[in-house]
Structures are given as structure tokens and as C-alpha cells.
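Notes for the one structure printed next.
Below, each value reflects all heavy atoms present in this structure, side chains not excepted, and no hydrogens, waters or symmetry copies. Letters A, B, ... mirror the listed sequences (proteins, then strands); counts begin at 1.
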Amino acid sequence: MLSAAHRMRRGDEFAEAIRRGRRAGRPALVAHFSVRDVDEPPLVGFVVSRAVGGAVVRNKVRRRLRHLMRSRVHSLPRGSLLVVRANPPAASARNELLAAELDVALERLLRRRGSGS
RNA sequence: CGAGCCGGCCGGACGGCCGCGUCAGGGCGCUUCGCGUCCUGCCGAGGAAGGUCCGGGCUCCACAGGGCAGGGUGGUCGGUAACGCCGACCCGGGGUGACCCGCGGGAAAGUGCCACAGAGAGCAGACCGCCCCUCCUCGGAGGGGUAAGGGUGAAAGGGUGGUGUAAGAGACCACCAGCGCCCACGGCGACGUGGGCGGCUAGGCAAACCCCACCCGGAGCAAGGUCAAGAAGGGGUGUUUCCGUCUGGAAGCACCCCGCGCACGGCGUUCGAGGGCGGCCCGCCCGAGUCGUGCGGGUAGACCGCUUGAGGCCACGAGCAAUCGUGGUCCUAGAUGGAUGGCCGUCGGUCUGUGGAGCAACCCUCCACAGACGCACAAAACCCGGCCUACAGGCCGACUCGUCCG
RNA sequence: GGUCCUGUAGAGCAGCUUGGAGUGCUCGCCACCCUGUCAAGGUGGAGGUCGCGGGUUCAAGUCCCGUCAGGACCG
């Protein structure tokens with residue numbers, strides 16, 4: 001479970017990551033990523049729409065994603081804004097699949113940034 | 001043993017590791033309050049938390065009075081904070097029965113509707129038929145009577161038998177059904193039972209308008225409050241001083257109320273816009289601005305409300321019951337981008353397969369082994385009481401019917 | 001938290017007011033005609049649990065109650 005320091009809470013932070021950040025899509029999830037020029041811990045937010053399922057399903061999807069992010073936050077640079085949006089397939093996906101897709105998405109976002117733009 | 005019916009309850013159990021949230025304690029850091037961080041400990045979703053169909057608590061706003069709308073409920077009595085909920089009973093319907101179902105007031109206040117078919121469908125109605133009379137080319141035609149029979153329809157204006165008649169008819173009579181009124185008895189009451197009288201008979205629909213009785217102010221925890229932040233002021237009341245002195249004016253202080261700017265347009269200041277008044281009107285009070293559209297600007301942080309309550313459990317008592325009273329005992333989520341996740345073990349469960357046993361036999365039951373499946377419906381968001389809906393599987397109790405045995 | 005709308009043929013709709021044989025519109029579909037062929041056009045035809053369950057009524061797509069799904073708006 002992700003600690004409180006890394007939780008994205010403000011609406012404008014979500015808006016910045018989604019509107020101005022890079023995006024990497026997978027069948028089960030979409031990741032939005034941007035970096036602010038501030039010396040703060042990386043923030044991670046989750047978006048699970050009603051299309052994914054009922055309240056129980058949505059809660060569980062968000063908690064599983066948050067758990068998977070726990071071991072991956074350290075790879076994000078300081079000042080990062082990351083929003084993970086879940087798609088309907090995430091509801092029935094097993095954890096290994098969810099983790100694999102999350103890794104692919106993160107790897108793409110970070111590599112693209114590293115190669116310079 | 002097999003069918004069934006009603007009620008109550010459970011909603012996997014135990015444990016390990018890593019995390020998350022509230023609270024408590026402790027350590028460390030920063031500039032004190034406080035905040036951040038780390039450690040330890042307690043606790044951490046439901047029977048429906050759901051749908052939002054009702055009823056309340058709570059909070060704010062409104063509330064002289066009258067009238068008209070609007071919405072809801074609909075047998076009686078009781079229970080309750082209240083209800084459209086619950087209980088008991090009554091009536092009607094269903095079932096062999098336990099029991100179940102019912103928006104269950106009024107159709108002789110009024111209006112309206114009853115398609116098609118049919119002769120006729122709402123102060124009834126002669127198509128066929130039956131009877132009488134007249135005419136006649138002896139096939140029939142015309143006129144009249146008749147609601148017993150046929151036919152149509154969801155529904156055709158009581159039923160059976162008799163008297164009667166040209167044929168018939170509540171025209172008359174007996175019994176029955178049903179209606180209205182009266183009386184007696186039982187019941188708090190809905191109503192039931194019995195008796196008498198009346199006229200011979202009255203269609204259905206109010207989940208059509210409507211009538212009757214009763215109930216209902218509006219908004220909702222994003223209520224509401226405190227602090228912070230934010231553009232510039234305006235008004236009222238009281239009081240003091242001064243001017244003035246019939247009314248009044250100016251300044252200071254205190255308290256209270258309202259309030260961002262610009263542009264365009266509507267209405268309005270004798271004829272009264274608008275507000276109090278948030279359904280509308282009258283009426284009363286205040287009253288010179290107010291309403292709409294567009295553009296621009298500001299805020300969108302923290303804390304309180306926030307969980308002890310018509311509360312749960314147990315015992316006794318009252319009551320057929322719903323429920324209530326008394327005593328004891330317990331305190332068990334409070335998040336705010338929203339806390340329950342991940343990995344694993346043992347047992348339980350479900351499914352599949354194999355073997356064995358019970359049995360006349362099995363697709364039934366039980367036992368053992370192996371494999372698969374994390375395994376019903378679904379998650380608090382101010383709090384309660386109900387209703388409705390979803391739900392794998394299981395437990396307990398009362399009762400009914402059938403079969404067999406005693 | 002509050003308020004409202006929709007569900008009818010493969011698709012989009014009308015019909016609900018004031019109940020009376022599921023009636024109809026546009027596109028699509030099928031067959032035939034037209035053409036050397038296709039399209040367009042013409043003729044004919046098929047296609048319906050009226051979201052679901054219950055009730056009122058002689059009779060329900062229509063009225064009433066419940067329920068499910070989808071959608072919109074306000075704070």
C-alpha cells in the first residue's frame with residue numbers, strides 16, 4: 001500500500017498530469033506522467049471510472065494498483081506526477097497481468113524522458 | 001418418511017509476514033502553539049452499508065390573518081418519535097390444511113366513458129320467435145301485443161315454482177338471493193347473529209374527473225458554524241455633541257443588516273417595480289430600485305458539526321401480538337482523490353473424478369483419496385425507524401397435509 | 001444530496017392525451033421489375049415478449065404499483 005506522502009490529492013495536479021503529461025496506454029490501464037520542477041516526492045493518483053464496475057470492484061482495482069505502485073515509486077524522479085487510469089479489463093485481470101502492463105507503461109514513459117525531448 | 005407452510009439466525013474460522021486509516025502513548029526534528037517523521041498498542045464496512053420509495057431526529061430559513069390551489073393516505077382498533085411501517089381483528093378472494101393475497105371510503109352529489117358485435121348498452125330495447133287482428137295471388141304482406149325462449153356481447157334490468165293470459169310479464173303469490181330502513185343481542189370498533197317492515201330489483205368503471213375524512217411550511221451535513229483569504233462601500237437603530245427648532249440636518253461612538261465591477265435590455269419610482277411571502281390570491285408591513293443576459297474578477301484552504309444513540313445484549317414483568325416498563329451490562333469505523341490490499345499455512349465450503357459402504361436399485365446419503373476454485377450479493381460518507389431489491393451456502397424452532405407403524 | 005427524462009421491428013422515432021384488433025413514418029433487409037452491369041428508381045413482402053413482474057378493467061403499448069437498464073440537469 002502506497003504511503004500517504006505519495007498520494008495525489010488536488011484536482012489541479014490530476015489535471016496537469018493528464019492534460020500536459022505524456023501518456024502510455026495498455027489494454028487494462030493508461031498512465032499519464034509529467035514532471036514539475038520542484039523538490040518534492042513523486043505523487044501518484046488513480047482514476048477508476050464507473051465503466052470498470054460497481055463500488056466494490058472499483059475500490060479493489062484502485063487498491064491493487066496502489067499496492068503495485070508501492071514497489072515502483074522509487075523509480076520515479078522527484079517532482080513526478082503520475083496518474084494511472086484503469087480501463088474495464090482491469091477488473092478481471094490477474095495481478096501478474098496488471099503488474100506487467102504497469103511495468104511496460106512506466107518503462108515507456110521513463111525511457112522516452114531519458115532519451116531526451 | 002415424503003411434500004408443504006411460517007418465523008428467527010449466520011453470512012466462512014484460526015494464524016503468520018509486509019502495508020493503509022482513526023485514536024492513544026513514546027522518541028526525534030523544526031521557530032513556541034503546532035506540524036512532520038519513526039516506533040508500539042487498540043480498533044477498523046453490511047444484512048442489505050444498496051435503490052432513494054416513505055417517516056423522523058438534527059441544522060438553517062420562514063411563520064398576524066383569511067381564501068384557493070397542490071401533494072399524500074384510505075376497513076377497524078392498537079403500537080410507535082413518526083410513517084405509506086408493524087401487530088391483532090373484520091370483510092372479500094384462494095388453498096384439503098398450516099397459511100397466503102387485497103390502493104379494502106363514496107357510483108340512489110354531479111359530469112364522463114362502456115370499442116367491436118348486437119334489434120337494443122343506460123329516464124332500455126322487437127332481429128328471430130310467440131300471440132291477436134286485417135289483407136291475401138295461400139308462398140306471404142301489413143298493423144298491434146309480448147322481454148318467457150333463441151341469437152350477440154365482458155355486461156341484456158333478480159332466481160325457482162305456481163296463479164294468470166290470446167301469448168306474456170312481480171301483473172299477483174310462495175320460497176330463496178340481494179338492497180334500504182328499524183329493533184334486539186354480542187363487540188371499544190370495523191362488523192356479526194336474529195327478528196320486523198318496505199318496494200319487487202337498483203349494471204360496471206373513481207389505479208376517469210370528482211366528493212368525503214384525515215395529514216402535509218421550505219430546504220438539506222455541499223445543512224450550518226468558526227478561522228483564514230478575497231474587490232470599494234452602502235443602509236438601519238440607539239446614544240452623545242453641535243446647528244436648527246413644526247418636521248429636521250451634520251459629526252463622533254456602539255450595535256445590527258446588506259454588499260464584486262462593467263455593458264446592454266425589460267419593468268418601475270402620483271398609475272407602486274420589488275421584498276417580507278419560497279405555490280397563488282386577498283390583506284398587512286417595508287418600499288426606490290429591481291430583474292434578465294453577456295463579459296471580466298474573487299473564492300473553491302483548515303477546523304467544528306462527526307458519532308452515545310428513539311443504541312446493542314441479558315434477565316424479569318405487562319400484552320394474543322406489534323411493542324412497552326424495570327434492572328443489569330457493553331461502548332465496537334469516522335475516511336474526505338476517500339482508510340480493508342498483497343503473499344502464505346491449517347480447517348471448512350463448492351465442483352469434478354476414483355474407490356468403498358448403506359440400499360432391491362439409483363441420478364440419493366455417508367466415508368476416504370486426488371485435482372480445481374479464494375469461494376454469494378455487495379461496501380459506510382450526518383444519524384436513526386421502515387419498505388423494496390440482490391444474495392453461494394448453512395443452522396434452529398413452530399405448524400399443516402399425505403403414507404406407513406404402534 | 002436533490003430533480004427529471006427515456007425504454008415500441010435491425011437502427012432512429014411517432015402512437016400514451018381521452019384505454020378498444022400492435023397502427024404508422026424514415027433508413028436498412030429480402031424477392032421481383034428496370035439496366036449490358038452497378039447505383040438510383042418502381043412493385044411487393046418479411047420482421048414486434050411494446051425493458052421486466054404484478055394489479056385495476058370486459059379489455060392495458062396506454063392507467064396504477066414495484067423493479068431493471070441507460071441518460072440528463074442542479075447544488
Side-chain angles (χ1 to χ4, degrees):
Chain A
M1 187 50 64
L2 203 58
S3 69
H6 296 292
R7 284 200 197 152
M8 189 180 292
R9 299 175 187 279
R10 296 177 52 86
D12 49 0
E13 291 165 352
F14 276 83
E16 185 177 344
I18 291 173
R19 297 219 183 98
R20 293 204 231 158
R22 302 184 176 283
R23 189 180 58 188
R26 299 290 300 162
L29 54 87
V30 179
H32 301 264
F33 178 77
S34 79
V35 181
R36 294 188 296 183
D37 192 20
V38 290
D39 186 36
E40 285 176 359
L43 296 178
V44 183
F46 302 91
V47 175
V48 186
S49 84
R50 247 181 52 180
V52 175
V56 175
V57 175
R58 295 202 307 273
N59 273 337
K60 187 147 188 180
V61 166
R62 177 164 37 76
R63 286 164 184 162
R64 286 161 65 198
L65 285 173
R66 191 183 286 155
H67 171 77
L68 292 171
M69 277 312 297
R70 175 174 154 74
S71 56
R72 293 166 172 78
V73 191
H74 318 291
S75 61
L76 299 176
R78 291 187 68 79
S80 299
L81 294 176
L82 177 72
V83 170
V84 179
R85 209 174 63 206
N87 287 335
S92 53
R94 301 178 61 86
N95 271 329
E96 301 87 82
L97 178 67
L98 220 51
E101 297 209 339
L102 188 59
D103 282 333
V104 170
L106 286 178
E107 197 264 343
R108 275 193 205 163
L109 291 171
L110 294 173
R111 183 189 57 194
R112 212 182 302 172
R113 175 177 175 273
S115 64
S117 63

On a whole-Å scale, what distance lies between the P atoms belonging to B:rU73 and B:rC103? 12 Å
A:Ala105 and A:Ala31 have their tightest heavy-atom pair at CB-CB, 4.2 Å
Please report the distance separating the C1' of B:rG180 from the corresponding atom of B:rG402, rounded so that it comes out in whole Å. 50 Å
Judged by whether its glycosidic angle lies within 90° of 0, B:rG170 is syn
A:Lys60 NZ - B:rG374 P separation (whole Å): 11 Å
Rounded to whole angstrom, note down the C1' distance from B:rC205 over to C:rG19. 12 Å
For the pair A:Leu82 and A:Met69, evaluate side chain to side chain contact (heavy atoms under 4.5 Å, CB included) and give the outcome as yes or no after the intermediate values. CA-CA 10 Å; A:Leu82 177 72; A:Met69 277 312 297; 3.5 Å; yes
Can you check the distance between B:rC377 and B:rG317, where both ends of the measurement are the P atom (answer in whole Å)? 46 Å
Going by the glycosidic torsion and a 90 degree boundary from 0, is the base of B:rA231 oriented syn or anti? syn
With P as the reference atom in both, quote the distance from B:rG92 to B:rA3 in angstrom, rounded to an integer. 36 Å
Interatomic distance where CZ belongs to A:Arg72 and P belongs to B:rG19 [whole Å]: 17 Å
Listed nucleotide nearest any side-chain atom of A:Arg66, set B:rG342, B:rA45, B:rU340: B:rU340
Say you pick atom C1' in C:rC65 and the same atom in C:rC30; how far apart are they, in whole Å? 44 Å
Just so I know, are the side chains of A:Pro41 and A:Arg78 near enough to count as touching, which here means a heavy-atom distance under 4.5 Å? yes
Base-pairing assignment for C:rU3 (Watson-Crick or G-U wobble, both under 3.5 Å): C:rA72
Side chains of A:Arg22 and A:Arg108: does their closest heavy-atom pair fall under 4.5 Å? no
Taking atom P in both B:rC210 and B:rG70, what distance in whole Å separates the two? 7 Å
Determine the Euclidean distance between corresponding P atoms of B:rC212 and B:rA109; express it in Å to zero decimal places. 14 Å
Checking base pairs now: Watson-Crick or wobble, both atom distances under 3.5 Å. What partners B:rG47? none
G-U wobble or Watson-Crick pairing nucleotide for B:rC313 (cut-off 3.5 Å, both distances): B:rG328
Any strand: nucleotide that pairs with B:rG319 via Watson-Crick or wobble, under 3.5 Å: none
Using a 90° cut-off around 0 for syn, call B:rA208 syn or anti. anti
Show the nearest heavy-atom pair for residues A:Met8 and A:Leu43, with the distance to one decimal. CE-O, 3.8 Å
Only pairs with both distances under 3.5 Å count, Watson-Crick or wobble alike; so what is the partner of C:rU23 in this structure? C:rA14
Base of B:rU307 relative to its sugar, syn (within 90° of 0) or anti? syn
What is the separation between atom CG on A:Leu65 and atom C1' on B:rG19, rounded to the nearest whole Å? 16 Å
Could you check A:Leu65 against A:Val44 for side chain to side chain contact (heavy atoms under 4.5 Å, CB included), going step by step and ending with a plain yes or no? CA-CA 10 Å; A:Leu65 285 173; A:Val44 183; over 6 Å; no
Report the distance from atom CD of A:Glu96 to atom P of B:rG342, rounded to the nearest whole Å. 11 Å
Using Watson-Crick or G-U wobble geometry with both distances below 3.5 Å, tell me the partner of B:rC6, or none. B:rG397
What nucleotide among B:rG337, B:rG341, B:rC18 has an atom nearest to a side-chain atom of A:Arg70? B:rC18
Does B:rG235 sit syn or anti, given that only angles within 90° of 0 count as syn? anti
Minimum-distance nucleotide (side-chain atoms of A:Arg7 versus B:rG21, B:rA379, B:rG341): B:rG21
Of A:Asn59 and A:Gly45, the one whose nearest nucleotide on RNA chain B sits closer to the 5' end is A:Gly45
Could you work out which one of B:rA339, B:rG342, B:rA380 sits closest to the side chain of A:Arg63? B:rA339
With sugar-phosphate meaning primed atoms plus P, OP1 and OP2, does A:Val47 contact a base, only sugar-phosphate, or nothing at under 4.0 Å between heavy atoms? base
To the nearest angstrom, the NE2-P distance between A:His6 and B:rA339 comes to 18 Å
Please list all pairs meeting side chain to side chain donor-acceptor pair (under 3.5 Å) that have one or both residues in residues 82-93 of chain A, counting only residues at least two apart or in different chains. A:His32-A:Arg85
Polar pairs (N or O, both sides) under 3.5 Å between protein and nucleotides 67-73 of chain C?
none

Which residues share a side-chain hydrogen bond (donor to acceptor under 3.5 Å, both in side chains) with A:Arg26, sequence neighbours left out: none
Base-pairing assignment for C:rA40 (Watson-Crick or G-U wobble, both under 3.5 Å): none
B:rA13 - base-pair partner by Watson-Crick or wobble geometry, distances under 3.5 Å: B:rU346
Nearest to the side chain of A:Arg62, which nucleotide is it out of B:rA380, B:rG342, B:rA339? B:rA339
So do A:Arg64 and A:Lys60 actually touch side chain to side chain, heavy atoms under 4.5 Å? yes
Send over the distance from A:Arg94 CZ to B:rC343 C1', rounded to a whole Å. 13 Å
Nucleotide B:rA381, atom C1' - distance to CZ of A:Arg58 in whole Å: 14 Å
Exactly one candidate in A:Leu68, A:Asp103, A:Val61 meets side-chain contact (heavy atoms from CB on, under 4.5 Å) with A:Leu98; the answer is A:Leu68
From NE2 of A:His67 over to P of B:rG341, roughly how many Å is that when rounded to an integer? 12 Å
